[in-house]
Amino acid sequence: LLGSYVQTTLFIFFMRTLPKKFPEEWERSIFRIPVPVFNVLMVVCFLASASNVWGMLRNSDMKTILLNCAVMAIGVVFSLVWYNSGKVTPSVSWEGA
């Protein structure tokens, strides 16, 4: 569970860059909101998610924390090896098609 909370927190942290990375798609989206409002929402969501991670860390024993860290490390190594193997190919977005 700790890994899932960390993953969600990182996802929220990096999601805040979507309007800058994809400005045309952002403007066409039916879910578009003003960028300052989006940024405030992302900060609030990030803080809430980070508080979940902090609470989970405070209430877990060292064995659980280390096991979660090991599983996350294995996942990162597996993802990097798989990505660098060339078997991962980006596909065309359904919105652009």
Using distance only, find each side-chain donor-acceptor pair of residues 36-43 under 3.5 Å and give its atom names and separation, not counting sequence neighbours.
residue : atom : partner : partner atom : Å
Asn39   : ND2  : Val35   : O            : 3.4

Could you give the side-chain donor-acceptor pairs of residues 74-84 under 3.5 Å, partners two or more places apart or in another chain?
residue : atom : partner : partner atom : Å
Ser79   : OG   : Gly75   : O            : 2.9
Asn84   : ND2  : Leu80   : O            : 3.1

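Among residue pairs with one or both ends in residues 32-52, those qualifying as salt bridge (charged side-chain N to carboxylate O under 4.0 Å, His left out) are Glu27-Arg32; sequence neighbours excluded. Sorted by first and then second residue, the salt bridge (charged side-chain N to carboxylate O under 4.0 Å, His left out) pairs with a member in residues 59-86 form an empty list; sequence neighbours excluded.
Side-chain atoms of Ser29 never come within 3.5 Å of backbone atoms of Trp26 as a donor-acceptor pair (strictly under, hydrogens ignored). Panel note: side chain Arg58, backbone Gly55; no donor-acceptor pair is recorded below 3.5 Å.
Both Phe22 and Phe13 are part of a single hydrophobic cluster, where members link through side-chain heavy atoms under 4.5 Å apart. Linking ILVMFWY side-chain heavy atoms closer than 4.5 Å, directly or via other members, places Phe11 and Leu47 in a single hydrophobic cluster.
Listed by chain and residue number, Phe46, Ser49, Ala50, Val53 satisfy the side chain to side chain contact (heavy atoms under 4.5 Å, CB included) test with Thr9 (two or more places apart in sequence, or in another chain). Every residue two or more places apart in sequence or in another chain that forms a side chain to side chain contact (heavy atoms under 4.5 Å, CB included) with Leu10 is listed here: Val6, Phe14.
To the nearest 0.5 Å, the span separating NZ on Lys21 from CE on Met15 amounts to 12.0 Å.
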